[in-house]
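Here the structure is a predicted model, which means the values were calculated and not measured. Order of appearance sets the numbers: ligands from 1, and atoms from 1 within every ligand.
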Amino acid sequence: RGICGSHGQPPPLPVPEKIVATWEAISLGRQPVPEYFNFAHDVLDVWSQLEKAGHRPPIPAFWWVDGAGAEVKWSFEELGEQSRKAANVLEGACGLQPGDRMMLVLPRLPEWWLVSVACMRTGAVMIPGISQLTEKDLKFRLQASRARAIITSGHLAPRVDAISSDCPSLQTKLLVSDSYRPGWLNFRELLWEASTEHNCARTRSQDPVAVYFTSGTTGAPKMVEHTQASYGLGFVASGRRWVALTKSDIFWNTTDTGWVKAAWTFFSAWPNGSCIFVHELPRVDAKFILNTLSRFPITTLCCVPTIFRLLVQEDLSRYQFQSLRHCVTGGEALTPDVREKWKCQTGLELHEGYGQSETVLICANPKGMKIKSGSMGKASPPYDVQVVDEEGNILPPGEEGNVAIRVRPTRPFCFFTCYLDNPEKTAASERGDFYITGDRAHVDKDGYFWFMGRDDDVINSSSYRIGPVEVESALAEHPAVLESAVVSSPDPIRGEVVKAFIVLSPAYSSHDPEKLTQELQEHVKRVTAPYKYPRKMAFVSELPKTVSGKIQRSKLRNQEWGNEKQPQKG
Ligand code: ATP
Ligand code: MG
């Protein structure tokens, strides 16, 4: 008998592979989405059984550490038990019903993962938020979402108290702390007392699972609603192909819990049977991250490009990573210099992916596919991704336009339902048969997408269109540049010109700024088309960023234009 068996058929797959293959087929749009689906019941509890039957290596499903030696390790079974207890807290003490919304604003504490799963078990809708939210941010989010409950830490509780009287829908406040606070339920105490018996809500695939506020890189954050299936099944294939996860992997994504990437992580990792590794990571510190990769058997790493940029500034030869074998990045453009330095120093490729809160993975460089440096990879199935013009017509390779996803005649299941309470914004995001991402790019004849910039960030100088990322990538190749942001600036003759805000590497901080400006301008003219060079330059100590680490070019641009009317883009 050959490897394919006596009848030319492949041998039967072992049980977990068969199950994961079915989820993957749904995720790729090759099999229909079931009518009922609940991630906790249909994925986590299934892995709990597979684990019990010996179908998984003895690694945890969840592994949390802090900087002081504390550690939490849960198998799928323990995660199931703890999250059932948490579900009883949400239903009992908090009185949450299916469809009720709950805000989760916690640092990287194990309770964040527990409560996320507990929301699914009860049918409640989670609304994660970042721990840096101010009173004003919290009020905006609680009012806009009409959340019935919030769970947060002792650090944020006073901010919630300061505004909760303005949030009439908010009925329950849950505290994750070892101390008490008037008006708050103590989650840890309630969890301790709660029963491990719980009947998971029977949710339909189309029922909402999460509402995300976008990063707010370009304006007020929007509420993006996702369903049990869009998130619960939408990441299985990309988890397998782009993040290359298997049941033997230990996956660390350094993201904040308030950002979509934290949910992307568990929706990618757990269906594939992988372990999610979490470091409390009180601050972003390159040495801290590198030491963690050396101390723990982490196989797979995900950080935003800004963090990889910090890591490659270090002498990586001083670290020996125990088990690292696959690295992914996304959330903003990866400049080629960072990828090359990482690869040169670690021998590992950096696989870039591109997506939005509104979607699952849109483009990626999956494992095994040839990488073209500077490209965000090819369309990620089941999406039909195209570059289209303002009317939604598909443009040929090489032509710059809007990155768009086909939503007609069939809207992909792994897609947001709408911007909540904002039908105008939802309608405005579509043109012809496509959803318009708001990002500009071109696609080459091999199907690779080349990101140019967000629509508003593209610079139009003397009728040349210039993407900030190209100029930033060119600047990054010069040793003086630690990081940069390129925006448009008003100009009496050209209308607008390229201006670069540059953070210098420490070795260059005392150089003559005028000479350095000239040198950098010449450098850009040499490495890219000369018309793109920054006519204006400013050296700054830091760049404005969102808490997820994305550069807010819009802030710099507004600063440049002041009261002058900015040109219309499109
Ligand atoms: P808002 O919509 O409120 O301005 P946001 O768009 O930053 O916020 P997210 O949904 O978190 O919020 O970010 C998605 C955006 O991030 C994409 O539309 C794109 O502009 C950018 N992005 C994500 N991945 C990449 C990538 N690999 N390369 C370039 N840009 C990326
Ligand atoms: Mg956006």
Side-chain angles (χ1 to χ4, degrees), residues 128-130 137 140-141 144 210-226 231 238 242 255-256 258-264 302-309 327-336 338-339 350-366 371-380 383 385 402-405 415-416 419-420 422 425-426 428-429 435-442 448-458 467-470 472-473 485-486 544-555 557-558 569:
I130 48 175
D137 299 331
F140 171 73
R141 283 162 174 74
V211 171
Y212 267 94
F213 284 85
T214 55
S215 302
T217 313
T218 52
K222 307 173 278 281
M223 281 188 289
V224 173
E225 185 188 68
H226 276 279
Y231 262 17
S238 54
W242 172 50
T255 178
D256 190 284
W259 196 24
V260 275
K261 275 176 85 188
W264 284 39
C302 179
C303 300
V304 284
T306 347
I307 293 189
F308 277 111
R309 177 174 294 285
C327 303
V328 295
T329 190
E332 58 179 347
L334 171 71
T335 53
V338 173
R339 173 182 164 250
L350 251 182
H351 297 260
E352 184 180 353
Y354 156 75
Q356 298 189 315
S357 310
E358 290 87 339
T359 65
V360 294
L361 191 67
I362 303 173
C363 289
N365 291 279
I371 291 181
K372 294 193 188 183
S373 211
S375 157
M376 54 192 185
K378 294 191 187 183
S380 180
Y383 288 155
V385 188
N402 300 298
V403 181
I405 299 169
F415 214 68
F416 75 122
Y419 294 117
L420 276 183
N422 202 338
K425 190 124 209 152
T426 310
S429 69
Y435 159 78
I436 306 290
T437 59
D439 293 318
R440 311 281 298 181
H442 75 268
Y448 284 77
F449 285 77
W450 299 80
F451 183 79
M452 190 179 194
R454 289 165 183 269
D455 205 354
D456 297 342
D457 286 343
V458 173
V469 176
E470 293 167 294
E472 289 161 14
S473 299
V486 165
K545 289 183 186 157
T546 64
V547 281
S548 51
K550 296 187 190 205
I551 296 172
Q552 288 173 301
R553 295 183 189 82
S554 58
K555 278 205 171 153
R557 192 173 55 241
N558 292 343
K569 297 288 157 62

Partner residues of W259 under the side-chain hydrogen bond (donor to acceptor under 3.5 Å, both in side chains) criterion, sequence neighbours left out: S215
Please report which non-hydrogen protein atom sits nearest to atom 6 (O) of ligand 1, along with the residue it belongs to and the distance in Å to one decimal place. R454 NH1, 3.2 Å
If you scan protein heavy atoms around atom 16 (O) of ligand 1, the nearest is K550 NZ, 2.9 Å
Closest to atom 30 (N) of ligand 1 among protein heavy atoms sits F451 CZ, 3.4 Å
Heavy-atom closest pair, residues A379 and F449: N-CE1, 4.0 Å
Against ligand 1, does W259 come closer than 4.0 Å with any heavy atom? yes
How far is atom 4 (O) of ligand 1 from its nearest protein heavy atom, and which residue and atom name does that atom have? T218 OG1, 2.5 Å
min-distance protein heavy atom vs atom 7 (O) of ligand 1 -> T217 OG1, 2.3 Å
Please list, in number order, the atoms of ligand 1 under 4.0 Å from a heavy atom of K222. 1 (P), 2 (O), 3 (O)
Atom 29 (C) of ligand 1 has as its nearest protein heavy atom A333 N, 3.2 Å
Judged on heavy-atom distance to atom 14 (C) of ligand 1, which of G330, P221, G355 sits nearest? G355
Nearest neighbour of atom 9 (P) of ligand 1 from the list A441, P305, S357, on a heavy-atom basis: S357
When you measure from atom 11 (O) of ligand 1 to every protein heavy atom, which one gives the shortest distance, and what is it? S215 OG, 2.8 Å
Taking C-beta and beyond as the side chain, do R309 and T335 meet within less than 4.5 Å on heavy atoms? yes
Do T437 and Y354 come close enough that some side-chain heavy atom pair is under 4.5 Å? yes
Paired with F416, the side-chain contact (heavy atoms from CB on, under 4.5 Å) test is passed by just one of Q356, E225, H226, M223, namely H226
Any heavy atom of G331 closer to ligand 1 than 4.0 angstrom? yes
Any N/O pair G353/ligand 1 closer than 3.5 Å: yes
Taking the basic N atoms (NZ, or NE/NH1/NH2) and the acidic carboxylate oxygens, is any pair closer than 4.0 Å for K545 and E332? no
Ligand-residue contact atoms, ligand 1 with E352, heavy atoms, under 4.0 Å: 26 (C), 27 (N), 28 (N)
Polar side-chain atom of T329 near backbone of C303 as donor-acceptor pair, under 3.5 Å: yes
Who passes side chain to side chain contact (heavy atoms under 4.5 Å, CB included) against T214, sequence neighbours left out? P221, K222, V224, S357, E358
Note the single closest protein heavy atom to atom 31 (C) of ligand 1, along with its residue, its atom name and the distance in Å. E332 CA, 3.5 Å
So does D457 pair up with R440, basic N to acidic O under 4.0 Å? no
Find out whether V304 and K550 are in side-chain contact, i.e. whether some heavy atom of one side chain is under 4.5 Å from a heavy atom of the other. no
Heavy-atom contact check, 4.0 Å cutoff: does G453 meet ligand 1? no
Distance filter under 4.0 Å to D439 heavy atoms, resulting ligand 1 atoms: 17 (C), 18 (O), 19 (C), 20 (O)
Would you mind reporting whether T359 and Y435 have side-chain heavy atoms less than 4.5 Å apart? yes
Using a 3.5 Å cut-off on N or O atoms only, is T437 in polar contact with ligand 1? no
